[in-house]
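Data block below; observations after.
Heavy-atom basis, side chains included; hydrogens, waters and symmetry copies ignored. All ligand and atom numbering here is 1-based and tracks the order in the structure.
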Amino acid sequence: MKLFKCSRCGNVLYFENMMCLKCNSELGFVPERKMLDFMDAIDDQRLTYAHGTNGNTHRKCNNYHYHEVCNWMVDTAENEQFCVACRLNRTIPDLSVGKNKELWYKLEIEKRRLVYSLFQLGLDVSSRNNDPDGLAFDFLADHDEDFNELGRVMTGHSEGLITINISEADPVQREKMRTNMEEHYRTILGHFRHESGHYYWERLVQDTEFHGEFREIFGDERQDYGAALERYYKDGKPVDLKDHYISDYASSHPWEDWAESWAHYLHIMDTLETAYSFGISIGPRIKKGDDPVDIDFSPYKEKDFKVIFDQWLSLSFALNSLNRSMGHPHAYPFVISPPVINKLEFIHKIILRNKRV
Ligand SMILES: [Zn+2]
Ligand SMILES: [Zn+2]
Ligand SMILES: [Zn+2]
């Protein structure tokens with residue numbers, strides 16, 4: 001994720017900010033320009049805004065104006081009430097219920113980060129509202145208080161519709177689930193990234209020139225999905241294929257392997273862009289002669305996945321060590337084996353081929 005700068009006072013701004021903490025200006029993210037900057041209200045309701053360096057006027061997304069769960073703007077010429085990210089929502093949580101607003105806020109923050117990454121990758125992000133092949137989100141709550149993966153609302157993807165059980169935004173519930181499922185990593189952002197992988201598989205792999213190669217690398221997805229998952233939950237990951245997957249769950253079925261690998265690809269790209277924005281340089285002082293690593297490139301512009309991966313290796317070691325110094329578990333608790341590098345490289349190739357200018 002990039003860092004932004006308030007062009008009124010020079011303060012550093014973060015993607016999620018709604019207000020500049022130095023000059024108190026209201027902020028807005030303009031998705032078509034991938035720019036977060038101050039906005040001056042030009043109407044009494046504080047709905048329409050102008051930005052100093054840009055002739056266009058923008059309005060706050062309704063979810064910004066009325067609920068403060070979004071900080072994105074809409075060009076007034078578009079005549080839309082919601083920003084491009086919120087237009088993807090089909091169902092939002094019932095806001096009359098307890099802490100649903102708070103859970104929704106947490107979901108929206110991570111959803112916008114996903115959408116930003118998809119834009120950076122040059123992928124088509126259209127809403128189902130105006131494109132039958134577009135994407136839609138349902139944020140649903142279990143009626144059953146006791147959240148569990150086999151409960152009524154399953155987090156998952158089906159033909160462009162991504163359903164998220166809003167309990168995933170509750171850290172207590174999520175940690176309970178992570179422990180029950182014996183996972184090393186479970187985050188809201190991870191869910192968004194994983195489920196978007198299923199969606200883009202249908203758009204970028206299924207019935208395309210890449211479908212055959214997909215089967216060679218990930219396996220034949222025509223095997224019975226339900227039976228495969230049942231087998232996975234009963235027997236776990238096949239021990240002899242341990243090094244072939246980025247996570248245990250990835251071993252359950254080729255579709256899940258793809259979605260898990262896709263999520264990791266997005267983890268890597270976003271984290272490297274953040275490191276690049278901060279000008280991070282890593283030179284472990286263990287033995288002399290080791291070349292320091294400067295994260296001096298934007299991963300979204302890099303064609304060669306090997307370059308991305310080499311920098312990621314150094315960065316993730318440092319990231320994990322820093323986390324351990326704070327008493328936290330590893331930020332990136334995964335080992336990327338050669339077969340997995342191959343999968344990530346394949347994803348990189350497909351994305352580059354589909355990149356819109
Ligand atoms: Zn400012
Ligand atoms: Zn919005
Ligand atoms: Zn999945």
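- Aromatic ring pairs are classed by plane angle as parallel below 30°, tilted from 30° to 60° and perpendicular above 60°; the pair H194 and Y249 is tilted.
- Taking the six-membered ring where the residue is Trp, F29 and F15 present perpendicular rings, their angle passing 60° and hence far from 30°.
- The SG atom of C70 and the SG atom of C61 subtend an angle of 120° at the Zn ion (ligand 2), given to the nearest 10 degrees.
- Between SG of C23 and SG of C20, the angle at the Zn ion (ligand 1) works out to 110°, rounded to 10 degrees.
- Around the Zn ion (ligand 3), the two atoms NE2 of H194 and OE1 of E256 are separated by an angle of 90°, to 10 degrees.
- Side chains of E221 and H211: a donor on one and an acceptor on the other come within 3.5 Å.
- At the Zn ion (ligand 1), the vertex angle linking SG of C6 with SG of C9 is 110° (nearest 10 degrees).
- No side-chain donor-acceptor contact under 3.5 Å links D270 and Q120.
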